[in-house]
Amino acid sequence: MKKKAIVNLILLHALFLVVVYVFQGVIFPYVRFGGFVPLLLPVAVTGIALYEGRYKGGLSGLFAGIFCDISFNQPVGTFTVFLTLVGLGIGTLSDTVVLSGFIAFYIGSAAVLIVSAFIQMLPIIALPHSIPTSIIMGTVIGQTVYSLVLAFPIWFIVRALGKRAERITPSGRIV
């Protein structure tokens, strides 16, 4: 029974990441706010890592990073490596020193979104002609704020997935 519950939980996580990917890549490019498109997969990875630890966080980061690399015009593997490290890092912090609550989720999401926005901007920053820093910073801030507004419903889902995992294993971590 326990193995079936673990497999079902993994399938729920995979379905969750695919749904977030569809919203991020298919729906929200047409629902721009102030010209900005939200970035949701890093928020999902942050939540999964925070509520379920480094192993599930790293694995979800790997798959979310692959989805991001497919979606964006970035060097191959950039987001795969970054989001895998995010999942492992935040999951390790969650396992050791950080409580997995709403405030930690939002602070972690904000930090990851800011770095993700700069990673998206690397091709623009590296261009020979300079783009004003104010435009780059405005884009980073606008995308981060829009993404953080949409992080609220993601928080409810990852928290529910984390509670489901706690019922399967006493520590709440699936190893």
Side-chain angles (χ1 to χ4, degrees), residues 6 8-25 27-28 31 33-34 36-69 71-72 78-120 139-175:
I6 290 172
N8 287 341
L9 186 65
I10 290 170
L11 290 174
L12 276 174
H13 279 84
L15 177 64
F16 170 66
L17 287 175
V18 168
V19 168
V20 171
Y21 172 66
V22 167
F23 272 90
Q24 176 179 297
I27 295 170
F28 280 114
V31 186
F33 183 75
F36 302 110
V37 177
L39 190 58
L40 302 176
L41 283 167
V43 174
V45 171
T46 300
I48 291 171
L50 195 63
Y51 284 98
E52 298 193 44
R54 67 178 162 252
Y55 299 113
K56 295 220 21 118
L59 189 60
S60 66
L62 175 70
F63 288 109
I66 291 169
F67 288 151
C68 283
D69 282 336
S71 297
F72 304 141
T78 304
F79 269 94
T80 302
V81 171
F82 172 66
L83 289 180
T84 301
L85 292 174
V86 163
L88 291 171
I90 290 177
T92 301
L93 286 173
S94 171
D95 289 342
T96 56
V97 294
V98 176
L99 297 175
S100 56
F102 180 74
I103 301 295
F105 170 75
Y106 253 69
I107 291 171
S109 293
V112 170
L113 285 168
I114 289 169
V115 174
S116 295
F118 278 112
I119 289 173
Q120 284 181 297
T139 303
V140 168
I141 291 169
Q143 179 179 346
T144 300
V145 169
Y146 188 18
S147 300
L148 284 173
V149 168
L150 295 172
F152 191 67
I154 291 174
W155 175 71
F156 281 109
I157 297 168
V158 293
R159 189 179 65 161
L161 287 172
K163 286 182 180 181
R164 188 178 184 115
E166 285 177 5
R167 284 184 268 149
I168 296 172
T169 60
S171 68
R173 310 287 190 238
I174 296 178
V175 212

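The first residue in the sequence is number 1, and the count goes up from there. Values in this document were obtained by computation on a predicted structure and should not be read as measured data. We use all heavy atoms of the structure for the numbers below, so side chains are in, but hydrogens, waters and symmetry mates are not.
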Practice task
Kindly give the heavy-atom pair with the smallest separation between S109 and V43, and that separation in Å.
Solution key: OG-CG1, 3.8 Å
Practice task
Taking the side chain as every heavy atom from C-beta outward, state whether F36 and F28 have any atom pair closer than 4.5 Å.
Solution key: no
Practice task
Supply the atom-to-atom distance L62 CG to I66 CD1, rounded to the nearest 0.5 angstrom.
Solution key: 4.5 Å
Handout entry: Any side-chain heavy-atom pair of V19 and L15 under 4.5 Å
Key = yes
Handout entry: Check: L83 and C68 side chains under 4.5 Å, non-hydrogen atoms
Key = yes
Exercise for the section: Write down the atom of G108, the atom of T46, and the distance for their closest heavy-atom approach. Expected result: C-CG2, 3.8 Å
Fill in the blank from the handout: dist F23:CZ -> L41:CG (nearest 0.5 Å) comes out at 12.0 Å
Problem - S94 side chain vs L50 backbone, donor-acceptor pair below 3.5 Å - result: yes
Fill in the blank from the handout: So CG of D69 and OG1 of T80: to nearest 0.5 Å the spacing works out to 3.5 Å
Exercise for the section: Would you please classify the geometry between the F79 ring and the F82 ring as parallel, tilted or perpendicular, with 30° and 60° separating the classes? Expected result: perpendicular
Problem - Beyond-backbone contact of Y146 with V37, side-chain heavy atoms, under 4.5 angstrom - result: no
Exercise for the section: Kindly determine whether Y21 and L40 satisfy side-chain contact (heavy atoms from CB on, under 4.5 Å), including the steps that lead there. Expected result: CA-CA 8 Å; Y21 172 66; L40 302 176; over 6 Å; no
Problem - R54 CZ to L88 CG distance, which is reported to the nearest 0.5 Å - result: 8.5 Å
Exercise for the section: For the residue pair F105 and W155, categorise the inter-ring angle as parallel (less than 30°), tilted (30 to 60°) or perpendicular (more than 60°). Expected result: tilted
Handout entry: Neighbour count above 12 (heavy atom, 6.0 Å) for I103 CD1
Key = no
Exercise for the section: State the CD1-CD1 distance between I107 and I90, to the nearest 0.5 angstrom. Expected result: 11.5 Å
Practice task
Taking all non-hydrogen atoms of both residues into account, name the closest pair between L39 and L113 and its distance.
Solution key: O-CD2, 3.2 Å
Problem - For the student: nearest non-hydrogen atoms of D95 and G53, plus distance - result: OD1-CA, 3.4 Å
Practice task
Kindly compute the distance separating CZ (F156) from CG (L161), expressed to the nearest 0.5 Å.
Solution key: 13.5 Å
Exercise for the section: Flag yes if more than 12 heavy atoms outside F63 fall under 6.0 Å of its CZ atom; otherwise flag no. Expected result: no
Handout entry: Neighbour count >12 (heavy atoms, 6.0 Å) for atom OH, Y106
Key = yes
Practice task
Report, as yes or no, whether the 6.0 Å neighbourhood of atom CZ on F33 holds more than 12 heavy atoms from other residues, nucleotides or ligands.
Solution key: no
Handout entry: Nearest heavy-atom neighbours spanning Q24 and P38
Key = CG-O, 4.0 Å
Problem - Closest approach of A110 to T144 (non-hydrogen atoms, all atoms of both residues) - result: O-CG2, 4.2 Å
